[in-house]
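Right, one structure below, let's go through it.
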Amino acid sequence: MTETALPQLPFPTPDPLRLAPALAPLREHTPITRVRTRTGDEAWLVTAHEQVRALLADPRLGRSHPEPEKAARLHDGVLLGGPSGDHEHEQEAHQRMRRLLAPAFSARRMRALDDHVRDLVAGLIEDLLRRERPADVHDALSVPLPTLVICELLGVPYADRDRFRVWSEQAGSFDGGSSRAGITALGTYVYGLLAAKREAPGEDVLSDLVAAQREDPTLTDLTVTGIATALLFAGHETTVNRIDSGILRLFPHEGPRHPVPDDDVAGFVEEILRLPGPGSGRGGGLIRYASTEVEIGGVVIAPGDAVVLSIGAANQDPAVFDAPEALDVARTPNPHLGFGHGAHHCVGASLARVELRAVFSALPERIPTLRVAVPLDGLRLREDNLTGGLTELPVTW
């Protein structure tokens, strides 16, 4: 394959709820292949479930690079666009972060949160019903629910939501300048909350992190700010898109609705986590860098090479999932990689499941006639943002 013939990311995606058509033949014939990224750099794209799962758990791949200025990039944004972190201490820093956050996302804490989240969902649905139709469910439910929950969990004032929502959208931009500005603004905002937590600690993650600093002098304000900023961003952006994705599939503009009895809500949520969300199937993925030579699937990945792990393609691999494009609430087992795998399995996975189950238990019961008010080709996608997603989602009933 000549250099100019390398497949170019991102791939065209005609249907916002399906994978790019170019991914299936790559997964079938060359599941580990060279591609050219949005920035023009070369990288390995991995599309098969077996290899993606293995590489997610492989300690020889990481987010850092020994020479970051020479590393290939997926895009120009700060978040997941290129290398991050201290190469020498990456694994140590990651283990420390997970250790610090484990109490916040414990099974006991999530169970205690369940009823509260259901109450929040009920209130937001009532707000939606008071709006003129068609109403924007993205603005009424998809955005405020995860924002409310992550604010309460972190100890961030919900009254500041409009400000940090703007910064979060900037942070996820593919444009380097906008992304850096958003990250800086988010970090500055979170840093400013630390002093208040020292004066008046609460039952929240920021207060827990400040308390941990007293036990561990090496836990700097910069480290705490970085951890909390990442949580504030990831804790609401990705869940917003999954709520929208579930509404689009459960209450389509045309055609039969997908019935979800109470005992199938958990299965429905797992399928929403497996299937592509609006605009997320363009062929991107998680970028990692090989710290040493890695041989997998008959391919040798050299030290320093960039590897793009396509979670979307892996989650529809027919070698693992029967009828992979179908939404099957009874799919068992469902080994999707929507939350990653191994040591980097998403620390907030349980929180996302609590929120999604609450939404999709309540919506069909409270608004049984709900329908998306526009066809799929009438949706406006965020094309220039890491998390993809919609700008609005009109519904009627």
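Just so you know, these numbers come straight off a predicted model, no measurement behind them.
Other residues, nucleotides and ligands contribute more than 12 heavy atoms inside 6.0 Å of the CZ atom of Arg98. Atom CZ of Arg274 sits in a crowded spot, with more than 12 heavy atoms from other residues, nucleotides or ligands closer than 6.0 Å. Residue Glu50 qualifies as open at atom CD: its count of foreign heavy atoms under 6.0 Å is 12 or below. Heavy atoms from other residues, nucleotides or ligands lying under 6.0 Å from CD of Gln91 number 12 at most. For CD of Glu69, the number of neighbouring non-hydrogen atoms (other residues, nucleotides, ligands) closer than 6.0 Å is greater than 12.
Aromatic ring centres of Tyr289 and His87: separated by at least 6.0 Å.
Using a 4.5 Å cut-off on side-chain heavy atoms (C-beta onward), Asp76 and Asp175 make no contact. At least one side-chain heavy atom of Leu219 sits less than 4.5 Å from a side-chain heavy atom of Arg96. Taking 4.5 Å as the limit, every side-chain heavy atom of Val190 sits out of range of all side-chain heavy atoms of Phe164. Side-chain contact check for Glu203 versus Glu152: every heavy-atom pair is 4.5 Å or farther apart. At a threshold of 4.5 Å between non-hydrogen side-chain atoms, the residues Val359 and Glu355 do not count as touching. Looking at heavy atoms from C-beta onward, Ile150 lies in side-chain contact with Leu232 at the 4.5 angstrom threshold. Residues Leu19 and Thr13 fail the side-chain proximity criterion, which asks for heavy atoms closer than 4.5 Å. Taking 4.5 Å as the limit, every side-chain heavy atom of Glu270 sits out of range of all side-chain heavy atoms of Arg331.
A donor-acceptor distance shorter than 3.5 angstrom exists from the side chain of Ser291 to the backbone of Arg60, with no hydrogens or angles considered. Side-chain atoms of Arg38 do not come within 3.5 Å of backbone N or O of Pro10 as any donor-acceptor pair. Within the 3.5 Å criterion, the main-chain N or O of Pro335 finds a donor-acceptor partner in the side chain of His49. Judged purely by atom type and a 3.5 angstrom limit, Asp204 uses its side chain to pair as donor or acceptor with the backbone of Ser207. Looking only at distances, a side-chain donor or acceptor of Arg382 sits under 3.5 Å from a matching main-chain atom of Gly388. Using a distance-only test at 3.5 Å, with no hydrogens or angles considered, no donor-acceptor pair links the side chain of Ser280 to the main chain of Pro276. A side-chain donor-acceptor contact under 3.5 Å links Asn315 to the backbone of Leu337. Side-chain atoms of Arg73 come within 3.5 Å of backbone N or O of His75 as a donor-acceptor pair. Side-chain N or O atoms of Arg161 include one that pairs as donor or acceptor with a backbone N or O of Tyr158 at under 3.5 Å. The main-chain N or O of Thr387 is found under 3.5 Å from a side-chain atom of Asn241 such that the two form a donor-acceptor pair.
Judged purely by distance below 3.5 Å, without hydrogens or angles, the side chains of Ser168 and Glu237 never pair a donor atom with an acceptor atom.
The aromatic rings of Phe339 and His336 sit tilted relative to each other, their planes meeting at an angle between 30° and 60°.
Annotation: cation-pi geometry satisfied between Arg34 and Trp44 (NZ/CZ under 6.0 angstrom from ring centroid, within 45° of ring axis).
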Can you check salt bridge (charged side-chain N to carboxylate O under 4.0 Å, His left out) on Glu325 and Arg18, steps first, answer last? CA-CA 8 Å; Glu325 293 189 357; Arg18 291 183 181 274; 2.2 Å; yes
May I have the step-by-step check of salt bridge (charged side-chain N to carboxylate O under 4.0 Å, His left out) for Asp221 and Arg198, ending in yes or no?
CA-CA 12 Å; Asp221 282 356; Arg198 291 191 180 97; 2.6 Å; yes
**OP:** Quick one: do Arg131 and Asp139 satisfy salt bridge (charged side-chain N to carboxylate O under 4.0 Å, His left out)? Show the steps, please.
**Re:** CA-CA 11 Å; Arg131 298 190 179 200; Asp139 178 69; 2.9 Å; yes
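For the residue pair Phe360 and Val265, the shortest heavy atom distance occurs at O-CG2, 3.9 Å. For the residue pair Thr47 and Arg27, the shortest heavy atom distance occurs at OG1-CA, 3.1 Å. A pairwise comparison of heavy atoms in Leu154 and Ala228 identifies CD1-O, 4.0 Å as the closest pair. Across all their heavy atoms, Pro31 and Gln51 have their closest contact at CB-OE1, 4.4 Å. Across all non-hydrogen atoms, the minimal contact from Ile301 to Ala290 is CG2-CB, 3.9 Å. Of all non-hydrogen atoms in Ile287 and Leu74, the two that sit nearest each other are CD1-N, 3.7 Å.
A salt bridge does not link Arg249 to Glu271: none of the charged side-chain nitrogens sits closer than 4.0 Å to a carboxylate oxygen.
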